[in-house]
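Structure in structure tokens, see below.
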Amino acid sequence: MSKKEIFGMNLEELQGAFGEFGVKKYRAMQVFRWLYEQGVTSFEEMTNLSKADRELLSANFNLSSGSVQVIRELASADGLTNKVLLEFPDKSCVETVVMHHDYGYSVCLSSQVGCNMNCAFCASGISGFERNLTAGEILAQVYYFQRLLQPKGARVSRVVVMGSGEPMLNLDNVLHALDILHSDYGQCIGYRNMTISTCGVIPGIAKLTAAGRTINLAVSLHAASDTLRTKLMPINKTYNYLKVIEAADAYEEGNGRQVMYEYILLAGINDSKADAQTLADTLQHRNCVVNLIPANPVPEKGFARPSQTVIDDFFQTLKARKINVTLRKEMGKDINAACGQLRANTLRED
Ligand code: SAH
């Protein structure tokens with residue numbers, strides 16, 4: 001029988017798994033801390049466990065957190081963004097990005113290998129959908145960077161689930177991982193410092209609302225009408241524009257967190273002043289912020305970013321209508337680590 005994987009288990013799951021082998025309950029908390037506070041990758045490093053217990057655990061359990069392989073690593077010229085292509089034991093790969101902000105380190109996590117949402121402008125779905133990531137694999141992306149930061153006395157203090165994949169289609173595993181990161185005996189990251197970005201999968205938004213965490217919700221809107229949104233994002237046929245916004249309203253009401261609407265600016269497609277006005281018509285009186293993302297180049301997709309004047313005009317039009325608006329800080333564009341540029345396999349071929 002193959003050994004049970006423990007990386008990704010929460011405290012109760014560790015207690016249950018160890019209990020079957022007669023390992024004392026308090027050991028589960030010790031192991032939890034070694035895994036998620038210290039980020040160790042082997043049972044031998046868990047030095048407050050007896051040798052017998054360490055041997056028992058390694059004979060019966062697998063600890064794969066250290067077995068992710070770095071296939072490739074890229075650093076942006078300004079040194080603030082690092083992207084890695086991580087490979088899991090089944091050879092699936094995902095990209096993960098760490099960004100150094102003035103307030104600390106933020107990791108952009110992938111939730112799936114590939115993606116099947118087929119948004120017209122995004123790189124993540126180009127080679128299709130492979131599979132969901134497990135909670136352990138989501139955590140492994142954070143701990144890969146945490147282990148590098150720890151010796152410098154630094155830590156990952158913020159996570160955004162905005163890498164490849166649609167997190168609402170893998171919400172159980174995403175939440176399981178975020179809850180572990182939130183734990184005082186894990187990375188102790190406040191839910192307010194976590195963001196999940198969705199293309200608008202309403203059942204997932206509703207489930208997150210019901211989960212009652214103060215996690216930030218970001219919704220990829222990208223168009224101010226159903227016709228255009230459907231062209232850009234096929235998911236709009238199933239969950240349309242206004243319904244998505246209503247689901248986000250319910251999230252804001254239930255969880256007390258201002259919703260962020262992401263809006264890519266695609267030259268000549270959704271960037272006119274009229275588009276900005278229509279967007280403002282929909283969002284005025286809502287507790288939200290619009291985050292404008294000038295399109296990042298994805299060669300296969302052929303969209304262009306608007307000129308700076310057009311970007312500024314769009315921004316000012318929203319501002320004049322009293323909409324909270326921000327322009328996304330661009331990081332890592334020179335290494336294709338910016339929004340929508342993450343993909344599963346091309347780094348291998350570069
Ligand atoms: N599936 C989720 C999370 C991944 S995408 C979602 O759709 O929100 C993270 C953000 O990057 C989204 O807002 C996405 O629409 C945006 N994005 C995708 N392709 C992009 C591109 N070429 N340029 C700029 N942003 C892009």
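Just so you know, ligand 1 is whichever comes first in the structure, and atom 1 is the first atom listed for that ligand.
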Pair Tyr263 + Phe314: ring centers closer than 6.0 Å
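Yes, they do, as the ring centres are separated by less than 6.0 Å.
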With the side chain counted from C-beta on, respond yes when Ile138 and Asn170 share a heavy-atom pair under 4.5 Å apart, and no when they do not.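 The answer is yes; the side chains approach within 4.5 Å.
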For this output row, return yes or no: ring centroids of Tyr261 and His222 closer than 6.0 angstrom.
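That pair fails the under 6.0 Å test.
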Note to self: Any carboxylate oxygen within less than 4.0 angstrom of a Lys/Arg side-chain nitrogen, looking at Lys24 and Asp53?
What the structure shows: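 Answer for the salt bridge query: no.
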Examine the proximity of ligand 1 to His222 and report which part, side chain or backbone, both or neither, has a heavy atom under 4.0 Å away.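 For His222, the contact with ligand 1 is made by the side chain alone.
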* **Presence of salt bridge, Glu262 and Arg328, under 4.0 angstrom** =>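 Salt bridge flag = yes for Glu262 with Arg328.
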Point to revise | Nearest neighbour of atom 4 (C) of ligand 1 from the list Gly163, Ala218, Cys119, Ala120, on a heavy-atom basis | key: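 Looking at heavy atoms only, Gly163 sits closest to atom 4 (C) of ligand 1.
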**Asked** Can you check whether Ala295 has an N/O within less than 3.5 Å of an N/O in ligand 1?
**Response**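 Min N/O separation from ligand 1 is not below 3.5 Å for Ala295.
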- Message: Any carboxylate oxygen within less than 4.0 angstrom of a Lys/Arg side-chain nitrogen, looking at Glu137 and Arg131?
- Response: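 Judged by the 4.0 Å cut-off on N to carboxylate O distance, Glu137 and Arg131 do form a salt bridge.
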OH/Tyr185: more than 12 non-hydrogen atoms of other groups inside 6.0 Å: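 At most 12 heavy atoms, drawn from other residues, nucleotides or ligands, come within 6.0 Å of this atom.
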- Item | Close-contact set for ligand 1 against Cys199 heavy atoms, below 4.0 Å |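 With Cys199 as reference, the close atoms of ligand 1 come out as 6 (C), 7 (O), 8 (O).
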Open item on the list: Can you name the atoms of ligand 1, numbered from 1 with element, that are less than 4.0 Å from a heavy atom of Ser220?
Closed with: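 Matching atoms, with element in brackets: 6 (C), 7 (O), 8 (O), 12 (C), 13 (O), 14 (C), 15 (O).
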Below 4.0 Å, non-hydrogen atoms only: which portion of Ile264 touches ligand 1? Side chain, backbone, both or neither.
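The part of Ile264 near ligand 1 is the side chain, not the backbone.
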Query raised in the report: Does even one non-hydrogen atom of Cys115 get within less than 4.0 Å of ligand 1?
Result: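 No; Cys115 lies far enough from ligand 1 that no heavy-atom distance drops under 4.0 Å.
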Contacting atoms of ligand 1, where contact means under 4.0 angstrom from a heavy atom of Gly165: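 Numbered from 1, ligand 1 contributes 1 (N), 2 (C), 3 (C), 4 (C).
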message = One residue to check: Thr198. Relative to ligand 1, which of side chain, backbone, both or neither has a non-hydrogen atom less than 4.0 Å away?
response =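 For Thr198, the contact with ligand 1 is made by the backbone alone.
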- For ligand 1, indicate whether the residue Glu166 contacts it via side chain, backbone, both or neither (heavy-atom separation under 4.0 Å).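 Both parts.
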Going by the atom numbers of ligand 1, which of them fall below 4.0 Å from some non-hydrogen atom of Ile293?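 Matching atoms, with element in brackets: 24 (C), 25 (N).
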Arg158 to Tyr103, cation-pi by 6.0 Å centre distance and 45° axis angle: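 So Arg158 does make the cation-pi contact.
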message: For the 3.5 Å polar cut-off, considering only N or O atoms, please tell me whether Glu262 and ligand 1 meet it.
response: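 Such a contact does occur with ligand 1.
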